[in-house]
Amino acid sequence: MAEHHYPGTGELAKNLQNKWDSLAAAPYITQPMLIIHGTDDTLIPIEMGRQIYAAAPSKTKQFLSVAGAGHTGLWRSDTLPKLFAFIDQFAFR
């Protein structure tokens, strides 16, 4: 993300202590996975979310793009039912 937001600062990115390399971890995700991403996210571009989705081998995965939402504002009346439906697939009955 540092390189995305500050191009040409590759050295800075190498020296950051807090790193969350979700794309590198994605190939190990076999559990059910739901990615919820805003179409207007200026912090983490939606294409990065799609890359993580594509890289994960989970057999039960969904990508939910939330129209007009940014990095926040995802928990809306049109999004929550989809989240709950995803969770309900795995609820103990």
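Keep in mind it's a predicted model, so treat the numbers as computed, not measured.
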### Task
Grab the two heavy atoms, one from A26 and one from P57, that are nearest each other, plus how far apart they are.
O-CD, 3.4 Å
## Note on the structure
Residues passing the side-chain contact (heavy atoms from CB on, under 4.5 Å) test with F63, sequence neighbours excluded, are I35, H37, I46, R50, Y53, S65
### Query
Are L43 and M48 joined in one hydrophobic group, where the rule is that I, L, V, M, F, W and Y side chains link up if heavy atoms are under 4.5 Å apart?
yes
#### Entry: F90: ring pair (Phe, Tyr, Trp, His ring centres under 6.0 Å) partners, not counting sequence neighbours
F86
### Query
Looking only at heavy atoms, which two atoms of L74 and A69 are closest? And how far apart?
CD2-CB, 3.7 Å
### Query
Taking only residues two or more places apart in sequence or in another chain, which ones pass side-chain contact (heavy atoms from CB on, under 4.5 Å) with L23?
D21, Q51, I52, A55
### Summary
For D78, the salt bridge (charged side-chain N to carboxylate O under 4.0 Å, His left out) test, sequence neighbours excluded, returns R76
#### Entry: Main-chain N/O of A56 paired with K61 side-chain donor or acceptor, under 3.5 Å
yes
#### Entry: Those residues that, when tested against L83, pass side-chain contact (heavy atoms from CB on, under 4.5 Å) (two or more places apart)
L34, I36, W75, L80, I87
